[in-house]
Student: 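Structure incoming, see below.
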Amino acid sequence: MRRLDFASLLLSCGAALLFSGTAHAQSSGLGAAVKGYVRVQAPRIVLMHVRVIDGTGAAAVDDQNVTIENGKITSIDKSTDVASSGDTTALDLRGCSVMPGIVGMHNHLFYIARPNLTAQRRSDPPLMVPEMAFSSPRLYLAAGVTTMRTTGSVETYTDLNLKHDIDAGKLPGPHLDVTGPYLEGSTSYFLQMPHLASPDDARQLVEYWADHGVTSFKAYMNITRAELKAAIEAAHKRGIKVTGHLCSVTYKEAAELGIDNLEHGFFVNTQLDPDKKPDTCSQSAGEETLARLDGSNAESRDLIDTLVKRHVAITTTLPVFEQELGEGRPPVRQAVLDALTAEAREDYFLLRQRRRGGPAPKIDPQVLWNHETALEHAFVNAGGLLLSGPDPTGAGDVLPGFGDQRGIELLVEGGFSPAQAIRIATLNGAVYLGRDQQIGSLAAGKNADLVVVKGDPSGQISDVENVEIVFKDGVGYDSRKLLDSVRGRYGEY
Ligand SMILES: [Zn+2]
């Protein structure tokens, strides 16, 4: 299949790209480790005859020219033929579409290691999440992610230095919103997270890392209400937002404490879990609650009303839950397996096998999935800000970048139009980050952070996978070269 795709690419969208690759190869301002991945760079770049999906949710517009100058989009208008000359590189992109760079809002830079994993799905403690500072940024950029939140860091200095080096042109990767260390309570089983002992502890952590440059925070499953309150107050004093993957604190409690965002859609709200006690995570960690919220009953309406009134954004992370649905889901793409180390690939197959043979879950995963998508629609219809991210911590099936694309496809499967799904994964994230004047949609004056894909994702959403060139700040990166550079590396570094 891939071979055939490549053949047809030569006849349409890709033909001009292959030709133009040599048109302007100078890459001033970028270091040696980045230059090799640049496919097009010029003072003025004209993307001719493209379909524009602008990220606002508006219908796609065929046959447009997008002009990029000095890192910005300077015009989008009806196509005319422009010749490459002097400072101008013109690409004939018939058969291609252009969409905004993805703004990934639940993206990580680490991988979940499972030491000595067995066929029974048991691994040796402790659970570790090694940092993938080499492969993750490349996978994100290759897939069209141009901005992402790290959504909880385990090596905060690494993340901050990585951001610096990417911004300085020394390393390839997306723009990073670096989230501080997880704000986790004292009962955590994650060795790499801070275990807060008091509200004062939470406040100090936020102040320290805000001083050192982190731009967001994430609370975790065992934080207490008092610690969360202290963290939110300290972060807000500095204009920094707080999100949470919660359990010990319910969605309504967190909304009332002023949290800005909640992760994992509606999967981890514990307010109706029968064994829920204040400040303590419940057994089902939210499944019991989701089973009782169908998107339209009184409890659903009340929750959505609270979230919308309090301006709490919700991040959907459907890819990390997809494999829970078991049989009938499409296999992971070959390109995903190709990116994994041999060991990570083996773990993926072990985990998949176990899921097929395992005992039936207490609550039908399909019911939870249906309630989740119904709640997402109800939330958006009520005016809520829905963000998207893959949470690349699954069982080897959810990877940086690939997972971001899968998230868009799953939003469409759940009933959003392709244009709406793309908006959720682009402009909505930019709005949350307060960067929607610069990024998130395609318009004259905005940063040239955009993705050239073969085909038409506004009609067939899986075309978001056919990434050709990813422009970040007006420099066009070669998606395939970036992917090739991490082949067999994800899981190691
Ligand atoms: Zn996560």
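Whatever order the structure lists ligands and atoms in, that order sets their numbers, starting from 1. Hydrogens, waters and symmetry mates play no part in the numbers below; they use all other heavy atoms, side chains included.
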Student: Is any side-chain N of the basic residue among Glu468 and Arg480 closer than 4.0 Å to the acidic one's carboxylate O?
Tutor: yes

Student: Cation-pi check for Phe217 against Lys241: NZ or CZ below 6.0 Å from the six-membered ring centre and within 45 degrees of the axis, yes or no?
Tutor: no

Student: Check whether NZ of the Lys or CZ of the Arg Arg238 lies under 6.0 Å from the centre of the six-membered ring of Trp209 and within 45 degrees of that ring's axis.
Tutor: no

Student: Side chains of Thr315 and His106: any donor to acceptor distance under 3.5 Å?
Tutor: no

Student: Taking backbone and side chain together, does Asp391 place any N/O/S atom at a distance below 2.8 Å from the Zn ion (ligand 1)?
Tutor: yes

Student: Closer than 2.8 Å to the Zn ion (ligand 1), do we get an N, O or S atom from His108, backbone or side chain?
Tutor: yes

Student: With a cut-off of 2.8 Å, does any N, O or S atom of His106 fall short of it relative to the Zn ion (ligand 1)?
Tutor: yes

